[in-house]
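These notes are about the structure you will find just below.
Note that the structure is a prediction, hence the values are computed from the model and not measured. Sequence lines set the chain letters: A, B, ... in the order given, protein chains first and strands last, and positions in each chain run from 1.
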Protein chains: 2
Amino acid sequence: MARKHAADLPLRLDNQLCFAVYSTAHAFNRVYKPLLDQLGLTYPQYLVMLVLWERDGVPVKDIGERLFLDSGTLTPLLKRLEAAELIKRTRNAEDERQVLIALTPKGDALREKARAVPQSILAASACSIGELVTMKNEIVALRDKLNKVLGE
Amino acid sequence: MARKHAADLPLRLDNQLCFAVYSTAHAFNRVYKPLLDQLGLTYPQYLVMLVLWERDGVPVKDIGERLFLDSGTLTPLLKRLEAAELIKRTRNAEDERQVLIALTPKGDALREKARAVPQSILAASACSIGELVTMKNEIVALRDKLNKVLGE
DNA sequence: CGCAATTCAATTGTATGCAATTGAAATCAA
DNA sequence: TTGATTTCAATTGCATACAATTGAATTGCG
């Protein structure tokens, strides 16, 4: 009879916000997949390109802070983007510890093709823009609270 | 001047719900890490244990449907749980295609230690239970819409 | 019944994520 | 200024994720 006890409720999968977030992230990833295949990008690679399309020539560290990823993840990912000729990696002459990431013309041009992606995602979510913005703000607030706890 | 053009707004990282979800999933994972280390589990392994603590002796496929994971992910994960003596994997005599996953006494006992986890997560999220439930329901609704699109 | 189609777990290959370590470069402090 | 500390990217090792394939077992159809 332990199974139906109230003490088990917090352990129930369906009650866990974290699993909701985790499984939604995977669902998003699967929706993005066919769209990003057309760009030749994975989702994390797409995120890096989003950062670079906003601002070019930034060190690896800045990309990592923006995406909450470390060099262990980014270094091999960036090497793949370089192999695909979308970015260039160069040591910063002013600080030889840093590697600066710059878009190639091909990487810059890919932005035009990428404009179609958010449209398709919006359609797949079957939500209004207002709903999405509200939800996004709530989730970001939660994320920032979690990250704040981690920083202590 | 292309950078500040309105056409770029949908491509801005900060405007993307998906990135909010993606980065929150990682933030959750980092909060869970030290708690789950004490149980000797990774987060996906913890999810499998949650499923099994609800119902034991289920085929791999059922776990996969519950967690939205496939055999390519689950098979090696389950082998690790078996190596840790938390579960047992046995062929279903009634359907030899299936592998049934059952808790060992050690795996069952781990549930008691796991009860502390949701408490700690609740504290880290710095939200009321009501807020968390609301947000969870919204996110699950979104996930289900995304998964519905995928099924078409 | 008998064979094709389907189901299921396992396997292979690629790409994240992250902890821990390394090594080079820059900064800080005495 | 030099020696310790810190910063930064790269590397190593382990554990997901998932597409695609495989092979065994079952189901379904004629």
Nearest-Å distance for atom pair CG/P, residues B:L150 and D:dC18: 11 Å
Whole angstroms only, please: what is the CG-P distance between A:D37 and C:dT14? 16 Å
Name the orientation class of the two ring planes belonging to B:F19 and A:F68 (parallel below 30°, tilted from 30 to 60°, perpendicular beyond 60°). parallel
Lys/Arg-Asp/Glu bridge criterion (N-O < 4.0 Å) met for A:K148, A:D144: no
Would you indicate whether the side-chain heavy atoms of B:R80 and B:Q45 approach each other to under 4.5 Å? yes
To the nearest angstrom, how far is A:L47 atom CG from C:dG17 atom C1'? 13 Å
Do B:V133 and A:L17 have side chains that get closer than 4.5 Å, going by heavy atoms? no
Test side-chain hydrogen bond (donor to acceptor under 3.5 Å, both in side chains) applied to B:R97 - qualifying residues, sequence neighbours left out: B:D95
Counting primed atoms, P, OP1 and OP2 as sugar-phosphate and everything else as base, the B/S/- map of nucleotides 7-17 of chain D against protein heavy atoms under 4.0 Å is BSBBB---SBB
